[in-house]
Colleague: 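I have a structure I would like to understand better, so I am pasting it below and will then ask my questions one at a time.
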2 protein chains.
Amino acid sequence: MKAEPVKDEDESKGRRLKGGDAQKLTMAEVAKYVGVSAMTVSRAFRQDASVSEETRKRIMEAVDALGYVLDLSAGSLSSRRSGFIAALVPSINNSNFSDTARGITDALENTGLQLLLGYTDYSAEKEEKLIEAMLRRRPEGIILTGGSHTDRARRMLDKAGIPVVETWEIPEEPINHVVGFSNSEAMSLLVRTLASQGYRRFGYIGGTTARDTRGSQRRSGFLKTVEELGLGPGRAISFGVPPITMEQGGQAVMSLLERWPDTEVVLCVSDLSAFGAIMECKRRGMRVPRDIAIAGFGDYEISSICHPSITTINVDCYGIGRQAAVRLLDALQAGGEATGDEITLTGYRVVLRESTDRGAR
Amino acid sequence: MKAEPVKDEDESKGRRLKGGDAQKLTMAEVAKYVGVSAMTVSRAFRQDASVSEETRKRIMEAVDALGYVLDLSAGSLSSRRSGFIAALVPSINNSNFSDTARGITDALENTGLQLLLGYTDYSAEKEEKLIEAMLRRRPEGIILTGGSHTDRARRMLDKAGIPVVETWEIPEEPINHVVGFSNSEAMSLLVRTLASQGYRRFGYIGGTTARDTRGSQRRSGFLKTVEELGLGPGRAISFGVPPITMEQGGQAVMSLLERWPDTEVVLCVSDLSAFGAIMECKRRGMRVPRDIAIAGFGDYEISSICHPSITTINVDCYGIGRQAAVRLLDALQAGGEATGDEITLTGYRVVLRESTDRGAR
DNA sequence: CTTCAAATTGTTATCGATATCATCCTGCCC
DNA sequence: GGGCAGGATGATATCGATAACAATTTGAAG
């Protein structure tokens, strides 16, 4: 029984050029086509529901033939499960955070959950707006970057009654779950490692304001440790609005060296600014690490490739995302069973490379 | 009239720790609280709807007091407008594409539309799956990267009856709207520009398979142009599965130079591989551009900072995203009024930098 | 003081799926 | 053969908002 080709003479002008004829195709119509109830079609779309193999096959053939696409917005209303997970990162142009986003997406694969991604541009106000926008979609869980949020954001999150995971740092007052590490201690470790290699006069480059909380934690970790080692006071330059760019890294290292010409090693808030600093030094004829040693933070791809390769702190960006998603999934699985609000510490390690190589001096 | 603090003695154990009491807060309850109908509350949430200023103010105060958050999944069902725009990019870790994503997001700001972002990992199969997943959310429009899609994907898109924008290249058979440029011609321009500076023996580095259609277009543009200039045959190395990494760029340039030691200039499918190539050359003691000139494609941030800075093709990544979103908004505005399926060409330009500087040779 | 149009608000039906419970059927066991 | 478990399917109410239309109020013009 084939459908007869219909001559639609009068349909050609005022209409859209697209195959919009199926726009209102609904589950009920698929059901009618197959000769079952809509409920059975609905069940056929889920693997666990009990539908005989034969019925499911017929339904799926019809779905294929008609070109039906499930409508989740209708489904989520009645099932009261949106199928969304929301995640907010400061920036998607930063490969550290896009790695985290990738980790989340990958962990969500085959769970039937979809990621709603937003970027806050390092602003708590924008984060607040985004949280509200996200909550309007009734996500089943939400992943945030960092632990500093506006009061209203905290209230909204609390009221939403969904699991929250804060990532990339250890907030003083966690909302719920945490997957991250101490940026301050990580930077401290880097300082101590370099100090143990004989470096004494430490400089630091980072952004100015407090917008980037991870950045300021790294800075305070630096200052504290330099002090503790009796090498203080630390020589810290603030340059530009976070996130500090490669170019600003170059400018910053120059003003640092102008102010403290005998600096031996410069630590940067991220590999990106470290890269900018190194390139600027080379451009000016300085040798790295012979004349000045430079280290970064984050272990971006660039740092192992760059010549000289850049000493840095490796952070498990992808793993942070992946684990954050897994914790969320666990919490959802547990349902209301109040899983303990645990803190999952993720690893980091110093990666020593050419840019701080003592032997090359 | 303040709410009295309630002592909930028996609530402390079996329950979630979170403030889940408001989970079932609905528009009707806000309406009852204020003393209006749910419809009026609904109207108050939209700026254009006619509600007296005073009523809106009272409603918004109640919304604030109760902590009500609009439920868009319910709204989109009845209004038949999901408020979503879907966009698929090959990778979010690539700053070119994340710039495009940013362009889309920015253009969508204050339109009430939200971005559903997915990454295809350069795979048409994954794209097909993602398109289906996206269409289940009934997006009002969809932005794709490139013009090669599976048949089923094309059918689904056609049937969906929503505007489609293909970006980043000029497909032979566009589905609908296009915002992009000819990767082949852009690469051709780079070849001609360098040839006019006196370069004669051209090499090319790119990925192997046809997964990255933009990559293969650049390659064919390279080969064709070298041929046309009488400088053929082009020396092209295929290395690794696209997207080719920085590290692979370094390996590729070495095998290229091993095979054709007298190559004067190497063009790379992207700045990332060009960077890897340059760094590997420097590591081996070769001077760039004195011993070998290298150029990239895409004008990533790294290329202007790197020493030597990298000659490349600047592409308006952000603008591609922005314009794609604008075209979509136009199409939505026009409604069924079949706006012409136009091709919007975005600009590109050669950026000559140190890595191909003839004077330095 | 009418009258009518515009502004404001309310009522009801509906969007398209799923939860829930009811029903039907099959086959197995005693 | 009766009874019953359990798998497969159907009927109906419902999720929470908005569309569409009705009703009411307000104000200005005549």
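Protein chains get the first letters and strands the later ones, always in sequence-line order, with residue 1 at the start of each. All values below were derived from every heavy atom in this structure, side-chain atoms included, with hydrogens, water molecules and symmetry-related copies excluded.
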Colleague: Of the non-hydrogen atoms in B/Ala65 and B/Tyr33, which two are nearest, and what is the gap between them?
Modeller: CB-OH, 4.4 Å
Colleague: For a quick test of reading the model: is some side-chain N or O of A/Arg46 closer than 4.0 Å to OP1 or OP2 of C/dA17?
Modeller: no
Colleague: Which pair of heavy atoms, one from B/Leu115 and one from B/Ala86, lies closest together, and at what distance?
Modeller: CD1-C, 4.4 Å
Colleague: Testing B/Glu128, B/Glu127, B/Glu125 for salt bridge (Lys or Arg N to Asp or Glu O under 4.0 Å) with B/Arg152, which one passes?
Modeller: B/Glu128
Colleague: When you measure from the side-chain N and O atoms of B/Thr26 to the phosphate of D/dA17, is any distance below 4.0 Å, counting only OP1 and OP2?
Modeller: yes
Colleague: When all nucleic acid strands are considered with a 4.0 Å heavy-atom cut-off, which category describes A/Ser52: base, sugar-phosphate, or nothing?
Modeller: sugar-phosphate
Colleague: Distance check needed: C/dC15 P versus A/Leu25 CG, whole Å only.
Modeller: 14 Å
Colleague: Using whole Å, report how far CD1 of A/Ile59 lies from C1' of D/dA8.
Modeller: 11 Å
Colleague: Report yes if at least one side-chain N or O of B/Tyr68 is closer than 4.0 Å to OP1 or OP2 of D/dA17; otherwise report no.
Modeller: yes
Colleague: Hey, mind stepping through B/Ser37 and B/Thr40 against side chain to side chain donor-acceptor pair (under 3.5 Å) and telling me if it holds?
Modeller: CA-CA 5 Å; B/Ser37 73; B/Thr40 303; 3.2 Å; yes
Colleague: For the backbone of B/Val164 and the side chain of B/Asn176, can you confirm whether one donor and one acceptor N or O come within less than 3.5 Å of each other?
Modeller: yes
Colleague: Where do A/Arg138 and B/Asp71 land on the salt bridge (charged side-chain N to carboxylate O under 4.0 Å, His left out) test, with the steps shown first?
Modeller: CA-CA 7 Å; A/Arg138 296 293 186 270; B/Asp71 186 336; 3.7 Å; yes
Colleague: For DNA chain D, which residues of residues 27-39 of chain B approach it to below 4.0 angstrom with any heavy atom?
Modeller: B/Met27, B/Met39
Colleague: From CD of A/Glu53 over to P of D/dT9, roughly how many Å is that when rounded to an integer?
Modeller: 10 Å
Colleague: CD of B/Glu54 versus C1' of C/dT9: gap in Å, rounded?
Modeller: 13 Å
Colleague: Could you tell me if B/Arg56 sits above the aromatic ring of B/Phe45, with its cationic atom closer than 6.0 Å to the ring centre and no more than 45 degrees from the axis?
Modeller: no
Colleague: Using heavy atoms and a sub-4.0 Å distance, could you list which residues of residues 71-79 of chain B are near DNA chain D? By number, please.
Modeller: B/Asp71, B/Ala74, B/Gly75, B/Leu77, B/Ser78, B/Ser79
Colleague: Return the minimal non-hydrogen interatomic distance between B/Leu332 and B/Glu140, and the atom names on each side.
Modeller: CD2-O, 3.2 Å
Colleague: Would you find more than 12 non-hydrogen atoms of other residues, nucleotides or ligands less than 6.0 Å from A/Lys129 atom NZ?
Modeller: no
Colleague: Within this structure, what is the CZ-to-C1' distance between B/Arg56 and C/dT9, rounded to whole angstrom?
Modeller: 13 Å
Colleague: How many Å lie between NZ on A/Lys57 and P on D/dT9, as a whole number?
Modeller: 14 Å
Colleague: Please list each protein N or O that sits under 3.5 Å from an N or O in nucleotides 24-28 of chain D, with the distance.
Modeller:
none

Colleague: Classify the nucleic acid contact of B/Phe45 as base, sugar-phosphate or nothing, counting any heavy atom under 4.0 Å across all strands shown.
Modeller: nothing
Colleague: Rounding to a whole Å, what distance do you find between B/Lys24:NZ and D/dC15:P?
Modeller: 10 Å
Colleague: Check the distance between C/dA17's P and B/Leu135's CG and give it to me in whole angstrom.
Modeller: 14 Å
Colleague: Checking A/Arg137 against B/Phe84: charged group under 6.0 Å from the ring centre and within 45 degrees of the axis?
Modeller: yes
Colleague: If you take all heavy atoms of A/Ala101 and B/Ile92, which pair is closest and at what distance?
Modeller: CB-CD1, 3.9 Å
Colleague: Is it the case that more than 12 heavy atoms not belonging to A/Arg136 sit under 6.0 Å from its CZ atom?
Modeller: yes
Colleague: What nucleotide among D/dA17, D/dT9, D/dC21 has an atom nearest to a side-chain atom of B/Arg43?
Modeller: D/dC21
Colleague: Suppose we call a contact any N or O donor and acceptor under 3.5 Å apart; does that hold for the side chain of B/Arg80 and the base of C/dG16?
Modeller: no
